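Some notes on the structure that comes next.
Atoms within a ligand are numbered from 1 in the order they appear, just like the ligands themselves. As the structure is a computational prediction, the values presented were derived from the model and not from experiment.
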Amino acid sequence: MTILFINGSPRHHGNTATLGARLLADLPVATRHLADYQLNFVQDFRDTTHPQLDLSDDYEALMQADFATATDIVLGTPVYWYGMTGQMKVFMDRWFDSFSHDFPFAGKRLYLLLVGADQPDIKATGIASAVQYSCDWLHMAFQGTGIVTADGPTDVASLVTLPASCRDLRQKLLAASK
Ligand SMILES: Cc1cc2nc3c(=O)[nH]c(=O)nc-3n(C[C@H](O)[C@H](O)[C@H](O)COP(=O)(O)O)c2cc1C
């Protein structure tokens with residue numbers, strides 16, 4: 001088992017990063033912060049002769065070095081305007097490049113972490129739907145969503161225990177690691 005945690009927050013040590021670290025404690029994980037990568041907007045080359053590919057940024061290296069080799073993917077994003085962050089959206093949009101080149105998405109287990117200040121369990125469900133449907137399209141096995149209400153950068157660090165949705169995901173990760 002190889003776990004890749006992708007943090008879609010611009011904060012390297014904020015709530016999403018802390019949630020990922022707590023969820024994945026003592027598991028074999030590599031953490032990547034999208035804020036450290038140059039990621040271009042996806043282009044739609046379908047009506048051109050250009051291959052559906054952009055080698056001018058860090059996307060392909062991240063996918064080949066880290067995503068391709070992971071069995072389990074944990075995506076973490078703060079809620080921004082009731083959606084995922086721009087960083088995460090741009091990253092996921094680029095999956096279309098990989099999909100167009102037979103990237104081995106199929107069979108990977110994918111877990112989603114959401115952190116928001118304003119009732120994310122009620123108001124951010126669109127993010128979970130988008131990720132779940134994307135997993136279905138790419139034949140990844142969506143494992144569920146861990147949701148935390150938090151705002152200040154140390155709110156998640158201050159929690160005595162993680163919410164049940166997150167504990168459930170950790171149990172799934174532990175079971176997968178056996
Ligand atoms: C630009 C921006 C937009 C935000 N929009 C929302 C929102 O729509 N709903 C919400 O619940 N929280 C929203 N928040 C609050 C963040 O989700 C919250 O502070 C979160 O804990 C940040 O996670 P981080 O520490 O990992 O960056 C927003 C924060 C920012 C900076």
Side-chain angles (χ1 to χ4, degrees), residues 2-42 57-59 61-63 65-67 70-95 108-135 140 142-174 176-177:
T2 312
I3 306 170
L4 175 63
F5 171 48
I6 299 180
N7 176 21
S9 170
R11 288 168 157 174
H12 287 74
H13 304 287
N15 291 314
T16 311
T18 305
L19 178 58
R22 288 185 64 168
L23 185 92
L24 298 163
D26 306 319
L27 285 163
V29 60
T31 297
R32 301 289 180 261
H33 304 274
L34 291 181
D36 292 337
Y37 294 82
Q38 185 199 327
L39 297 173
N40 298 335
F41 291 131
V42 70
D57 66 1
D58 300 328
Y59 175 76
L62 174 60
M63 292 302 280
D66 297 316
F67 204 114
T71 55
D72 295 75
I73 308 292
V74 179
L75 295 183
T77 179
V79 181
Y80 275 14
W81 299 113
Y82 304 99
M84 63 184 75
T85 60
Q87 287 89 339
M88 187 60 75
K89 184 67 167 68
V90 167
F91 176 64
M92 286 187 62
D93 282 353
R94 293 293 295 283
W95 289 358
K108 294 184 188 298
R109 292 178 289 261
L110 192 138
Y111 313 75
L112 177 64
L113 299 179
L114 299 179
V115 185
D118 178 25
Q119 297 181 288
D121 49 325
I122 297 169
K123 298 184 180 177
T125 52
I127 304 174
S129 299
V131 171
Q132 180 163 11
Y133 288 132
S134 301
C135 286
M140 290 192 282
F142 185 67
Q143 302 294 303
T145 309
I147 307 180
V148 177
T149 302
D151 199 15
T154 59
D155 283 357
V156 170
S158 304
L159 293 175
V160 176
T161 53
L162 295 179
S165 62
C166 300
R167 296 200 305 270
D168 289 350
L169 286 193
R170 180 163 169 85
Q171 287 308 315
K172 287 184 180 176
L173 283 153
L174 289 169
S177 73

Below 4.0 Å from any atom of ligand 1, which residues have a heavy atom? Give them in chain and number order, please. Ser9, Arg11, Gly14, Asn15, Thr16, Pro78, Val79, Tyr80, Trp81, Tyr82, Val115, Gly116, Ala117, Asp118, Ala150, Asp151
For Thr149, side-chain contact (heavy atoms from CB on, under 4.5 Å) partners two or more places apart: Pro120
Suppose we screen for salt bridge (charged side-chain N to carboxylate O under 4.0 Å, His left out). Which residues come up paired with Asp151, at least two apart in sequence or across chains? none
Nearest 0.5 Å, what's the OG1-CG distance between Thr16 and Leu75? 11.5 Å
Can you list everything that forms a side chain to side chain donor-acceptor pair (under 3.5 Å) with Asp118? Sequence neighbours excluded, please. Tyr82, Lys123
Give the minimum heavy-atom separation between Arg22 and Val156, together with the two atoms involved. NH1-O, 2.9 Å
On the 0 to 90° scale, with breaks at 30° and 60°, tag the Phe67-Phe91 ring pair as parallel, tilted or perpendicular. tilted
